[in-house]
Amino acid sequence: MSGVGWKEETVLSDLIIAARNVEKTYDTGKVQVHALKGVDLLVPRGEMVAIMGPSGCGKTTLLNCLSGLDEIDSGEVLIENTVLHDLPDDDRSDYRAKRMGFVFQLYNLLPVLSSVENVEMPLLVAGVKPAQARKASMEMLDVVGLVDRAHHLPTELSGGQRQRVTIARALVSEPAIVWADEPTGDLDSETAQEIIDLMTSLNKANGQTFVIVTHSREVGESAHRIVLMRDGQIEDDGLGNGTGNQAARAS
Amino acid sequence: MEELFGISMNSIMVALSAIFLAGMAAVVVMGWRNRVMVKLGLRNIPRRRAQTVLIIVGVMLSTVIIAAAFGTGDTISFSIRKATIDSLRNIDEIMLSTRVDASDSFGSPAYVPMGRFAALEADLSGLDIIDGMTPQVAETVPAQNPRTSLSEGQMRVVGLDTSRLAGFKPLALASSSQEVSLLDLASNEVFINEKAAKELEAVAQDEVRVVLEEGPQFFTVRGIVEDGGLAGRDPTIIMPMERAQALFDRPGELNVIVVSNKGDERSGADLSKEVARELRIFFADREVVGQLKVLLAQDSVLAQLQELEKDKDRIDGDARDDLGALIGQLQRTGTSDELIALLSDPEVSGNVLDALGGEEFSDIEVEASTLFDDIGEFSVLEIKRFLLGQADEAGSFVTSFFIIMGMFSIMVGILLIFLIFVMLAASRRSEMGMARAIGAKRSHLVQMFVFEGTAYAVVSAAVGVAVGLLVSSLIIFIANRIFESVAEDFSFVRHFELRSAIVAYCLGMVITFATIAFSAFRVSRLNIVAAVRGLPSPSTATSRGWRYAVQTFLPRVKNPFRFGWRMLLGLRHFNLVGQAGALANLLRTFRSILALPFAVLALLARLVLLPLKQGWLVLIAGVFLIVMGVGRWEHTAPFSIGVSLAVIGLGLILQTLLRRTSLREDRRDRIAFSFMGVFLLVFWLLPFDALESLTGELDSNIEMFFISGISMVGAAVWTVIYNADLILRALTLATSRFGKLRPVMVTAVAYPMSAKFRTGLTLAMFGLVIFTLIVMSVLTGSFGTAIADEDTVTGEWDIDASINFNTPIEDIEEAVAANPGLAIGDFQAMGGFTGFGVDARQVGVEEQRWEGYGVRAADDAFLASTKHKLKLIADGYGETSREAFDWLRSDPTLVVVDAFVVPSRSGGGFDEEGGFKLEGFYYDDETFKAVDIEIREPRTGEIRTFTVIGVLDQLTDAFGEIGGGMIGSKTVLDEALPFALPITTYRFRVAEGVDVAQAAKTLEASFQENGMETTVLTELLQEQADAQRAFNRLLTGFMGLGLMVGIASLGVISLRAVVERRQQIGVLRAIGYRKRMVQLSFLLESSFVALLGIGIGVGLGTILSYNLVTDIQKDVASIRFTVPWLQIGIIIAIAYVFSLVTTFLPARQASEIYPAEALRYE
Ligand SMILES: Nc1ncnc2c1ncn2[C@@H]1O[C@H](COP(=O)(O)OP(=O)(O)OP(=O)(O)O)[C@@H](O)[C@H]1O
Ligand SMILES: [Mg+2]
């Protein structure tokens, strides 16, 4: 596979995500779950990384912690050389609005807004002028092939279409990083493939960084590398330190 | 309070308790059989504390209003009862002589020799239902206290017979309650009561001066005795009877007899009817009764009486029974006690005279009238029973008034209960869907909700009663503050009866319970799949049509025959199996026969529901009501409800027709519902007389306010909700400049607009409450402008001066001129009149009844200079009010009447109550033909005829306490009475530049001897306007209770939204919403709903009140449409600020939602 990938000569400044020794414990009061047990992860700009692992190993937790949606207990996360967790909540929100896009496993569209309104939401939040936002959103919907559904409510769309709208929303603000948590989880393989193709082509075209949590082999194979997790730890970071990265290297 | 809306409180209590207990019993039985559902239902209550509290607050509101209404009514009747008992003590009846002669005077009762009393006393000694009877001499005179220079124009002087006070509470000193005796008084000593002491600021040993015809007299105050009973409630001087007789030159005579019934101060009144009957029989002049009997027993008269008895519109209840009994007695021979009792009962005699209304009976009637008057030597006033009855009436009037005024709030409260349950159901959707999926029946779900709802209702109704009592205490507190300035020595004493508490509780429960049952039924009908998936329920609008109805019906008709036939077949087999089969089929036959009526009902329901849904049955019903409303009933209510139904019907038909097109469902609904909404709005917002040319004149009354309010707000909400996206678009345009706020705006509008049902209900609640408040404010504001038209009210008189009838002024102008303290030049004009009660009726109309009416018999000076405005002047009596008043001067048989006896075409509510009413023309006409009326002086029974040539403006003398009645020259009435008619009221108009208040003071001081008491009319007007305003504010506050509901509902909705949207909030946060933006989004959402509701209410309320005011203008020309913006601003601010306050907490909660958490779970 061509394009951006992890090279030995990648310098620190090219890293968009740098996580060191991240720990996270959930304390429900009754039980404590040590969900992340010292995770290290480096992702260069423009890479498409797949995070895989058995259910409950901490993938979603890692994603939330890296993207700043969740707090960490110890360790360090640098996003674009900024320590996100040191920022106040408002700045982190603004950062998300301008630099990040999210795609979740569940259809996370606002049910009361039409497709285009959902897509333009991050732009409006980031302070883009309404007319401009609308134009950009329509273009983005065109990219995902849903212009004709722009004014439909999410309930009037199929699962795959909703996920495509979600991707459009994640990408419309031209974010530096797109976080996706099982974007194809509920979809049949054909639709899933469409979504994967869409993401790889966008990654190729715009050089955006994708961090994708997935159970799906196909998704993993489309990524530049696969990070394997097990029990709150990185078992294989896809850089030759294990067996799980053959797919990435083979491509 | 004994009655409400004419139904006895005891029956109300029994009926409501029965319904309540039956409902509770049903719930308990249901619960016993289904304990799991009870557990499931109740489990939810402690889980969400905040929600439970909000629900209880919301559910209790109807009960609060009802309990507050009862509490206020109870307090009022209790207070009046208490005042009655306190002032009368043991006195139950008062007897006055009916034999008036020239020696008597205008203001005090006629005198009787003591000998007559002694004879009575002897004769009545055997009557054991009386335990006291005592004669009095009572007169009213001006009095002064020289030490304090204070005076009292109407001081009662009472002489008591010290040897006949048994059965009455003895006089007691106010300071120590120590009993005192009149026998201890020295020859010029008197007792005065507390009231007199207060007015004169007199203390023991003060010299009190009273003015008599022969000149002043001085008395020394021996002591101050407690008010009430023989000491009276008005300012009173008490002395032994002989001295009073000497004082008023009435030796050996008395003029009042008071009677105490057996029993204490309270229970005495129960015997009143019986005692009065016995006394009347006793006093009746049998000769007169005989003459009356001969007169009335004529066939033609009997026929008249029988005709009246049959006419249930004119007579009912006891009065009708009495009349029937009288007819029976007249047909018998002899004069029985029963006949005497009937003939001497004033109510019976009144009805007999009414029956003799026709022209051909006028001679008989005049004769009968005089005879009736002569029957009894004494008239017996059942004073305590009457006043206690009034107390009850006042109480139930106030209660029903508050309940009616609270109707909107109760209605809104019901909407809230409904909303709460729909929300609860929504929040448990998946839970309930699961339950259904694993086999729970629909009825189980209903039960689950009923259990939960009952638990809320039981608690909230109790809390509601308590809060309602607090509210009524507050109302009473404020009312006392208002009355402080108007009636100084009366105040309300808080009181609440257990019976009212029970009624309020049960009524609140029944309303709540019914709403809960209905909502539970509604929410249980949800679609399982949709519930499990959390999707909106698909519409069930697609009706299944005729064929389905018939198809499900036919087999049920066949069943009995089928099973019957099988049974017969089985009978052929003479074996056990065959017999058993036959038996089983017999049972089935029975069962299917029993089921048949239900099948028919179901068929009928389906057959009715279908056309209802398709609209044409609604249309037919609407058209029917329109036709009947215009043609038969001539009433606005059926007409306008008919038009509304017709519009709804057309809308539904439109919807049905649109179904055949390819339009999307939401478009179809929007077209159909917008059609209905817009047309309904237009119809209801039309000026009241807009359609008059089509419909002719229609009656209407207060219920139209409710009907129109509900219809308008409903239609507006309908329109708004179904055109939400237009609002959305408009707002989008309007907010495009807001930058960062914009996404928040978008969600804040999109969310409520997508939950149409909730938002619609909340809008309706807000809209209704604000609507009523606006209409109230505008109307009171506008009426305020009318009252502000001082000249019309006062007739341009400045000062009202009442004087004591015992010390009249011969010639006021001369007296003023002669008085050194006064300058005649200070006064532009002065004139006087005497107001008193008479019976009146119109000549030459169908149903003539003698009804009480007021007369103001004026002197020429008054007629010459009054500037009262006449609304109507009869043809031929001039163009201006002045010309008409000059006619009164030149012809003493001409009079002008007040506006309240003339009906109004628009029926402004005044013509509802009974009393004297003229027919043949309307207040809102331009002119009329003069009509004749007869006036009957009740003391002498003399009848005189007058011609009405004008109608005073409605605002004339709108002071409440003084004023009212017709105005005419006193010449004719002077002749009708055996004694001179003194002038008791003077009006003065001061000259330019003279200080009115000062002039009033000087007048009062100058005519102290005549007991003059002056009032500056503009001040009086001001005081009353202030009290009125305060009262309006109180009422507005009470009606504003409904606002609490609207606000609570926003709180409930917001709390709910936080839970429902957890995940979406997580998404928003991931997209980059700051915490503040989430919070703001919630606040904006509530603001949007609240402001929209407020907008609907303000808009519709203003237009409706504009229509109302223009309509009232026809009657009260001086009323101006005024919008009290300040008050409305305050109302809006309160509504809006509290809406934000209740959403603030949920909004905070929402903003604290942690995105990672929210996104993890469903
Ligand atoms: N809020 C929480 N409180 C307690 N434990 C939690 C919480 N969230 C996650 N966990 C636990 O942390 C561990 C990691 O969860 P996480 O959701 O990250 O797994 P995952 O790898 O994404 O699994 P899946 O593939 O099933 O989505 C799990 O054992 C989970 O039970
Ligand atoms: Mg996960």
Side-chain angles (χ1 to χ4, degrees), chain A residues 24 26 60-61 63-65 67-72 88-114 117-131 133-134 151 153-156 166 169-170 172-173 175 179 181, chain B residues 530 533-536 538 664 666 724-725 728 732-756 759 1057 1060-1061 1063-1078 1081 1085 1151-1162:
Chain A
K24 171 80 185 174
Y26 290 109
T60 301
T61 307
L63 200 76
N64 287 346
C65 285
S67 63
L69 282 179
D70 209 346
E71 304 291 338
I72 58 174
D89 191 81
D90 283 353
D91 293 355
R92 246 191 283 165
S93 300
D94 292 351
Y95 189 86
R96 282 201 291 273
K98 295 201 173 92
R99 306 293 294 163
M100 291 179 180
F102 289 84
V103 180
F104 298 102
Q105 173 176 4
L106 302 158
Y107 308 132
N108 285 318
L109 295 174
L110 301 185
V112 296
L113 299 183
S114 65
E117 285 170 329
N118 263 292
V119 174
E120 70 186 0
M121 213 48 173
L123 291 178
L124 295 177
V125 174
V128 176
K129 291 230 162 57
R134 178 57 59 103
H151 296 291
L153 291 177
T155 45
E156 298 161 344
T166 311
R169 185 187 67 191
V172 73
S173 54
W179 310 92
D181 193 352
Chain B
R533 288 256 215 92
L535 299 174
R664 279 171 45 175
D666 56 337
D725 53 336
L728 208 66
T732 313
L733 283 178
T735 56
S736 56
R737 256 174 276 131
F738 282 87
K740 276 215 141 176
L741 258 183
R742 204 180 129 87
V744 182
M745 277 296 211
V746 172
T747 45
V749 177
Y751 272 113
M753 282 310 177
S754 69
K756 285 192 170 41
T759 312
E1060 275 175 6
R1061 293 188 214 150
Q1063 223 184 334
Q1064 293 166 38
I1065 293 167
V1067 173
L1068 286 172
R1069 295 280 281 132
I1071 286 174
Y1073 259 53
R1074 293 180 176 189
K1075 282 184 175 177
R1076 274 290 166 77
M1077 291 165 76
V1078 173
S1081 167
E1085 199 176 318
S1151 73
E1152 295 299 333
I1153 286 177
Y1154 208 56
E1157 292 287 301
L1159 287 166
R1160 187 176 284 275
Y1161 301 107
E1162 246 187 291

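Note that the structure is predicted; figures quoted are calculated from it, not measured. For the numbers below, each heavy atom of this structure counts, side chains included, while hydrogens, waters and symmetry mates do not. Letters A, B, ... mirror the listed sequences (proteins, then strands); counts begin at 1.
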Looking only at atom types and distance, does a side-chain atom of B:R1074 sit under 3.5 Å from a main-chain N or O of A:D94, one as donor and one as acceptor?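 Between the backbone of A:D94 and the side chain of B:R1074 there is no qualifying donor-acceptor contact (under 3.5 Å).
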Report the distance from atom [atom1] of [X] to atom [atom2] of [Y], rounding to the nearest 0.5 Å.
{"X": "B:I1071", "Y": "A:N118", "atom1": "CD1", "atom2": "CG", "value": "7.0 Å"}
{"X": "A:D89", "Y": "B:R1076", "atom1": "CG", "atom2": "CZ", "value": "11.5 Å"}
{"X": "B:Q1064", "Y": "A:L113", "atom1": "CD", "atom2": "CG", "value": "9.0 Å"}

Against chain B, label A:D70 side chain, backbone, both or neither, depending on which of its atoms sit under 4.5 Å from a heavy atom there.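 Contact with chain B is through both the backbone and side chain of A:D70.
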If I measure from the heavy atoms of chain B, does A:R92 come under 4.5 Å with its side chain, its backbone, both, or neither?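 Nothing of A:R92, per the 4.5 Å heavy-atom cut-off to chain B.
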Do A:M121 and B:V1067 pass the side-chain contact (heavy atoms from CB on, under 4.5 Å) test, and can you show the C-alpha distance, the side-chain angles, and the key distance before you say yes or no? CA-CA 11 Å; A:M121 213 48 173; B:V1067 173; over 6 Å; no
Evaluate A:L110 against B:L1068 for side-chain contact (heavy atoms from CB on, under 4.5 Å), listing each step before the verdict. CA-CA 9 Å; A:L110 301 185; B:L1068 286 172; 3.5 Å; yes
What pair of heavy atoms forms the shortest contact from A:S93 to B:R1069, and how long is it?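 Shortest heavy-atom contact: OG-NH1, 3.1 Å.
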Mind checking whether A:E120 and B:V746 have side chains closer than 4.5 Å, heavy atoms only?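 Result no, sub-4.5 Å side-chain heavy-atom pair not found.
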Measure B:Y1154 against the heavy atoms of chain A and call it side chain, backbone, both or neither at under 4.5 Å.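 Contact with chain A: side chain only.
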By a 4.5 Å heavy-atom criterion (distance strictly below it), what part of B:M753 contacts chain A: side chain, backbone, both, or neither?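 Answer is neither: B:M753 stays 4.5 Å or more from chain A.
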Quick check for you: among A:W179, A:Y95, A:Y26, which has the greatest number of heavy-atom pairs under 4.5 Å with chain B?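 The residue among A:W179, A:Y95, A:Y26 with the greatest pair count is A:Y26.
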